[in-house]
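Have a look at the structure below before the remarks.
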Amino acid sequence: MTYARRAWIVLWKDVVTERRSKETLNALFFFALLLLFVFQFTLGGDRERLGAALPGLLWLGFILSGILGLGRTFLAERENDCLEGLLLSPGDKSAIYLGKVAGNVALMLTVEAMLLALFALFFNVDVAGALPPLAGVMVLGTVGFAAIGTLFAAMTAHVRARELLFPVLLLPVQVPILLACVKATEAVLLGEPLSAVAHWLKLLAAADVIFVVAGVLTFDAILEG
Amino acid sequence: MTRGLGWVAAVLLMGGLLMAFGVAPREVTQGNVQRIMYLHVPSVWVAYLAFVVVFVASIAYLANRSGAADRLAHASAEVGVIFTGLTIATGAIWGKPTWGTWWTWDARLTSVAVLFVIYLGYLLLRGMIEDPERGARYAAVLGIVGALDMPLIHFSVYWWRTLHQPPSLLKPGSATMPPIILAALLVNFVAFSVLYVYFVAKRVRLLRREQEAFA
Amino acid sequence: MTTETAIRVSGLRKAYAGHLVLDDVTLEVQAGEAVALLGANGAGKTTLLKILGTLVRPTRGEPRVAGLHCVRDAEAVRRLVGVLGHGNFVYEDLTAFENLKFWTVLGGHRVDAGALRAALAQVDLDRFADERVRTFSAGMKRRLALARFVLSRPRVLLLDEPFASLDRRAGKWLDDYLHAFKAGGGAILMSTHSFGRGLGVADRAAILAGGRIALDTPVAGLGADDVRRLYDLHAEDGA
């Protein structure tokens with residue numbers, strides 16, 4: 001199906017570009033490392049306090065790296081009029097959106113996995129047992145975040161103060177996802193089964209569907225002249 | 001017609017305020033400060049109404065690119081932000097003597113605060129894009145996303161924390177309040193709604209004049 | 001291909017906030033014809049090309065390509081036109097081959113490695129097919145941009161100052177390419193500041209000034225100096 005092929009080729013291009021330049025992933029890895037130090041310096045010492053704050057810190061780290069990573073998603077397109085080129089190529093523009101979102105989800109999950117590993121290492125936290133349900137929460141949260149993040153990144157690509165406007169627009173809209181993810185992560189890290197936080201997971205799933213559909217329907221209007 | 005609307009709004013508002021501060025009975029535990037509920041609750045209602053209107057107008061704009069839909073969305077967002085601010089302010093005024101603090105992270109106030117920031121962002125976006133046609137398009141997308149977010153925000157924040165009274169007005173069947181309080185509340189609801197329509201109408205007209213001056 | 005006029009605009013108007021760029025533009029280009037669009041900076045040449053290329057919506061008027069409306073039938077128009085702007089639509093970190101593969105698949109065409117390399121050969125880039133575009137010169141990037149058209153086969157070319165930043169050899173190459181395109185029945189509308197090279201392939205010159213087509217004349221028999229005189233006469237006043 002042509003639509004799927006077109007979404008795939010956008011994903012392919014982003015992966016090849018990133019693999020070659022390694023700019024984003026390397027920078028985000030160092031950023032994650034730095035965050036760890038910042039958290040330790042600002043909150044450290046008291047192991048119990050750190051342990052209690054862990055779900056929040058984890059998602060704080062995910063969100064901050066996500067904002068940096070997503071903010072760059074249309075950077076290559078801003079060169080050489082490629083953004084216009086995307087608009088000019090015939091066919092449903094939402095395929096481009098889905099390809100971009102897929103790439104961003106992959107990128108964010110990679111960074112999140114790195115951050116989780118660093119957290120476990122540096123703060124001596126045992127997450128091995130909770131890994132499968134935690135991964136589930138991370139995927140659900142990341143899809144919603146990337147869906148709106150990609151849309152807003154395209155929106156702010158043309159604005160001069162995009163580094164400021166992008167997080168200002170993105171963060172309040174992500175509040176439900178953030179709350180759900182932190183609460184679910186809290187429960188999972190305490191060893192509770194996923195069924196205990198079923199309502200949060202349903203909220204995340206609903207948010208994911210709503211945001212992706214909204215993106216698919218409105219990306220065209222963002223890409224236009 | 002707008003002027004007539006303005007007079008109606010003014011009269012209703014005066015009546016509503018009279019009922020709220022004069023006629024309605026003094027609340028037993030909270031005292032007179034509870035009267036601010038008559039302003040706070042209708043404010044929230046109007047804020048949500050305003051953002052639903054932004055939602056519908058934004059969809060209409062993306063569908064047929066009509067300037068009128070865009071102006072309606074813009075005006076409604078501005079008025080919505082004002083009433084949201086009013087909600088937060090009256091909530092704080094109510095909260096200080098009642099719960100001892102200006103701000104509590106309770107469900108309704110937090111939800112409203114998040115919406116406040118989202119629609120401030122809407123106005124910020126419009127201000128930062130020079131090309132008005134592009135600004136209208138982007139704002140429409142943001143207006144749609146923001147409105148779709150409203151139920152998500154409502155539920156997530158509510159589950160996260162609750163300190164507020166449970167919503168007694170919207171319970172199906174029984175109204176747990178004595179009729180006089182209900183009446184005062186209703187009058188203020190209508191007054192605020194008419195005020196909303198009046199403000200939006202004036203703002204839309206002003207926006208149209210601005211655009212005509214440039215075209 | 002229908003017998004519709006390749007490009008037809010009538011009564012075209014474009015206003016940005018408080019600023020009228022195009023007032024009442026009327027222009028036609030037939031299949032197999034090339035029209036050079038001249039005008040001062042800011043006269044609206046790029047805007048006109050963008051409207052025809054479906055990148056921008058006009059405030060009023062009927063822009064049509066092969067009878068199709070540029071706004072209502074935008075997707076159909078996109079299948080027919082090839083656009084070249086100041087940028088070249090190339091991703092610097094991909095190779096020439098990868099760039100071509102990307103744009104071809106995105107355009108909905110089936111990709112065949114052999115066909116891609118043949119297309120690159122047609123624009124003399126086959127030796128550089130696996131080099132990253134970052135190492136390319138301006139002329140090479142422009143040729144890569146045109147390589148896309150080998151596979152997408154547009155019927156109309158909308159070019160914004162295509163000869164800018166091209167050296168003599170690349171400019172000659174482009175000139176030959178445009179002649180061949182015209183001979184194949186394609187229509188060309190291109191903006192240019194260069195009276196010498198740009199006008200070589202043009203059948204007519206249209207001067208855009210004051211938001212309108214101030215002059216629309218065949219160039220047969222006119223030398224570069226004649227055109228310059230006409231330009232000085234029409235282009236810089238009234239704006």
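Just so we're on the same page: letters track the sequence lines, and every chain starts at 1.
The neighbour count for K50(C) NZ, taken as heavy atoms of other residues, nucleotides or ligands under 6.0 Å away, does not exceed 12. Counting heavy atoms of neighbouring residues, nucleotides and ligands inside a 6.0 Å radius, atom CZ of R60(C) does not exceed 12 of them. When the shell of 6.0 Å around CZ of R160(A) is examined, it contains 12 or fewer heavy atoms from other residues, nucleotides or ligands. Other residues, nucleotides and ligands place no more than 12 heavy atoms under 6.0 Å from the CZ atom of F37(A).
Although no hydrogens or angles enter the test, the distance criterion places no donor-acceptor pair under 3.5 Å between the side chain of N80(A) and the main chain of G87(C).
Looking at heavy atoms from C-beta onward, F89(C) lies out of side-chain contact with L86(A) at the 4.5 angstrom threshold. Between I9(A) and K101(C) the shortest side-chain heavy-atom distance falls below 4.5 Å. Annotation: side chain of I96(A) is in contact with side chain of L106(C) (closest heavy-atom distance under 4.5 Å). Inter-residue side-chain proximity for L88(A) and W103(C) is flagged as unmet; no heavy-atom pair is nearer than 4.5 Å.
Heavy atoms closer than 4.5 Å to chain A are found nowhere in R148(C), neither backbone nor side chain. Heavy atoms of T95(C) lying under 4.5 Å from chain A belong to its backbone as well as its side chain. Using a 4.5 Å cut-off between heavy atoms, W12(A) touches chain C through its side chain atoms alone.
Under the side-chain contact (heavy atoms from CB on, under 4.5 Å) criterion, D24(C) pairs with T26(C), R212(C), not counting sequence neighbours. Y177(C) pairs by the ring pair (Phe, Tyr, Trp, His ring centres under 6.0 Å) definition with W173(C), not counting sequence neighbours.
The ring pair (Phe, Tyr, Trp, His ring centres under 6.0 Å) analysis of residues 108-155 of chain C, with sequence neighbours excluded, yields no pairs.
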Before giving the answer on side-chain contact (heavy atoms from CB on, under 4.5 Å), spell out for L87(A) and R78(C) the whole-Å C-alpha distance, their side-chain angles and the decisive distance to 0.1 Å. CA-CA 9 Å; L87(A) 178 62; R78(C) 283 166 191 155; 3.6 Å; yes
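Under the 4.0 Å criterion applied to side-chain N and carboxylate O atoms, E98(C) and R20(A) are assigned as salt-bridge partners.
To the nearest 0.5 Å, atom CG of residue N88(C) and atom SG of residue C82(A) are 9.0 Å apart.
E79(A) and Y91(C) share no side-chain donor-acceptor pair at under 3.5 Å.
Proximity to chain C at a heavy-atom threshold of 4.5 Å picks out nothing from residues 212-221 of chain A.
With respect to chain C, the highest number of heavy-atom pairs below 4.5 Å among S21(A), S89(A), P90(A) belongs to P90(A).
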